[in-house]
Amino acid sequence: MKYIAFFETTKQEEHFLRKKFGKGVSVQFFPEKIQDVPVQKFAKTDAISVFIYSVVTKELFAKLKNLKLIATRSTGFNHIDVKNAAKRGITVMNVPYYGENTVAEHTFALILSLSRNIHKAYVRTLRNDFSLAGLQGFDLKGKTLGVIGGGSIGLHVIKMARGFGLKVLVYDVRQNHFLAETLDFSYVPLTDLLQHSDIISLHCPLNEQTHHLLNIENIKQVKKGALFINTARGDLIEARALHYALNNGIFAGAGLDVFEGEELVKEENQMLTRNVPVEKLQALLQKSILLRMENVIITPHMAFDSVEAVERILQTTVDNIVAFEHGAPKYVVKG
Ligand code: NAI
């Protein structure tokens, strides 16, 4: 690799990555998403590395004649046109295992915040109000957690759930009965999971099959008063179904690290640095009804973001680039 361009990098990430490449390699860093950087600035590049807000399209491949490798610094790769990359002989690599425990821990941060009303208590005590009214929570022990997607992250969530004394139901298109027996959970059809879970947590990838996996039709099957947790991808649940469920008591609360249209909010946040009047920013944010619901906790797609996990992401990305150069790429993704 002679030219490598990294997008969506912070200063700390740049500092870490710069040290990993020798003098013969030209490494460029752009804090912006790839679609926000003029292509001529990185036209010679033979490898690019992006995070999840960069949209990597076939139109871009046509402009980057030397491109051989896309190394996404994420597990999910739905932001990359993998099929067309393959047609052009471009390899796509991801970081499949950096943060199973990290995302699972954030999942439980959201579950526990909702089950014990931590978010409401925090706001109240800031106002010097130490009353208990309306803050009573519920025990996790003895309740049922429904995990949709029992892969790397899902399995960590299941292990933690068993520690809390939760019963676990799993819906997955692939099943591992040895793990089900060892960790003491049951695979069930999606309908059964929706009907019997007190907490539903999403951990499957976003793809053509899973887009709007939860929708306005099947949302009505959910056990009334369940908690909904999404640390996977926003588009797994139809926004209209999420609003319907929250407005009609189907979901008693939601913990969302991701939600449909989160990229727009992200852009609004970035406007802070572009001298946009605060009133405009507030007006934009208020648009989002979800932000105004007191039984909804939103975190800004940060489930992956622990010191340890980010280091693992960067190191694996470097390893991916080196392995590709040596003709032994390990974490290649297929469309
Ligand atoms: P994984 O590939 O190990 O597990 C995904 C599981 O979902 C697999 O068991 C798979 O069989 C299952 N699955 C696939 N299609 C399905 C379908 N149609 N219905 C039900 N299950 C299906 O992936 P991993 O590492 O557990 O990550 C899951 C997702 O979490 C990623 O795809 C990514 O979108 C998201 N993620 C979010 C992060 C965040 O910061 N919020 C960080 C890392 C991942």
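Just the heavy atoms: all of them, side chains too, but no hydrogens, waters or symmetry mates, feed the values below. Each ligand, and each atom within it, is numbered from 1 in the order the structure gives. Please read these numbers as outputs of a predicted model, since none were measured by experiment.
Of all the listed residues (Gly234, Ala104, Cys204, Gly76), Cys204 holds the heavy atom that lies closest to atom 29 (C) of ligand 1. For atom 43 (C) of ligand 1, the candidate residues are Tyr171, Tyr98, Phe304; the nearest heavy-atom contact is made by Tyr98. The nearest non-hydrogen atom to atom 44 (C) of ligand 1, considering only Asn176, Ile153, Leu193, comes from Ile153. Between Ser74, Pro205, Pro96, Gly151, it is Pro205 that holds the heavy atom closest to atom 7 (O) of ligand 1.
Using a 4.0 Å cut-off between charged side-chain N and carboxylate O, Asp198 and Lys223 make a salt bridge.
Interface atoms of ligand 1 facing His301, defined by a heavy-atom separation under 4.0 Å, are 39 (C), 40 (O), 41 (N). Residue contact check: Ala303 has heavy atoms under 4.0 Å from atoms 39 (C), 40 (O), 41 (N) of ligand 1. Atoms of ligand 1 found under 4.0 Å from any heavy atom of Arg174 (numbered from 1 in listed order, with element): 8 (C), 9 (O), 10 (C), 11 (O). Residue Gly150 approaches ligand 1 through these ligand atoms, each under 4.0 Å from one of its heavy atoms: 9 (O). Each of the atoms 39 (C), 40 (O), 41 (N) of ligand 1 lies under 4.0 Å from some heavy atom of Asp257.
Residue-level proximity to ligand 1 for Phe77 is absent, since no heavy atom of it falls below 4.0 angstrom.
Defined by atom type and a distance below 3.5 Å, a donor-acceptor pair is present between the side-chain atoms of Asn207 and Thr210. For the residue pair Glu8/Ser54, the side-chain donor-acceptor check at 3.5 Å is satisfied.
Closest to atom 10 (C) of ligand 1 among all protein heavy atoms lies Asp172 OD1, 3.4 Å. The protein non-hydrogen atom at the shortest distance from atom 28 (C) of ligand 1 is His203 O, 3.4 Å. Looking at atom 33 (C) of ligand 1, its nearest protein heavy atom turns out to be Arg233 NH1, 3.8 Å. Here the protein heavy atom with the shortest distance to atom 38 (C) of ligand 1 is Thr231 O, 3.7 Å. Nearest non-hydrogen protein atom to atom 16 (C) of ligand 1 is Val173 CG2, 3.5 Å. Considering only non-hydrogen protein atoms, atom 1 (P) of ligand 1 sits nearest to Ser152 N, 3.9 Å.
Taking CD of Gln28 as the reference point, atom NZ of Lys41 lies at 9.5 Å (rounded to 0.5 Å). Ile34 contributes atom CD1, which lies 3.5 Å from atom CD1 of Ile48 (distance to the nearest 0.5 angstrom). A distance of 8.5 Å separates OG1 of Thr72 from CD1 of Ile52, quoted to the nearest 0.5 Å. Rounded to the nearest 0.5 Å, atoms OG1 (Thr299) and CG (Leu110) are 5.0 Å apart. Distance OH/Tyr98 to CG/Leu314: 11.0 Å, rounded to 0.5 Å.
Atom NZ of Lys167 is surrounded by 12 or fewer heavy atoms from other residues, nucleotides or ligands within 6.0 Å.
Residue contacts with ligand 1 do not include Leu206, since none of its heavy atoms lies under 4.0 Å from the ligand. For Gly99, the closest heavy-atom approach to ligand 1 does not fall below 4.0 Å. Contact annotation: Tyr97 has no heavy atom less than 4.0 Å from any atom of ligand 1.
An N or O contact shorter than 3.5 Å is missing between Asn207 and ligand 1 by distance.
The presence of a protein heavy atom under 4.0 Å from atom 3 (O) of ligand 1 is confirmed. Within a 4.0 Å radius of atom 18 (N) of ligand 1, the protein has at least one heavy atom.
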Give the intermediate values and the outcome of side chain to side chain donor-acceptor pair (under 3.5 Å) for residues Lys63 and Gln40.
-> CA-CA 9 Å; Lys63 292 176 192 157; Gln40 56 271 29; over 6 Å; no

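Taking each heavy atom of Ser197 and Gly146 in turn, the nearest pair found is OG-CA, 3.2 Å.
Hydrophobic clustering, with ILVMFWY side chains joined whenever heavy atoms are under 4.5 angstrom apart, keeps Ile153 apart from Leu193.
Ring to ring, Phe51 and Phe304 are close: their centroids are under 6.0 angstrom apart.
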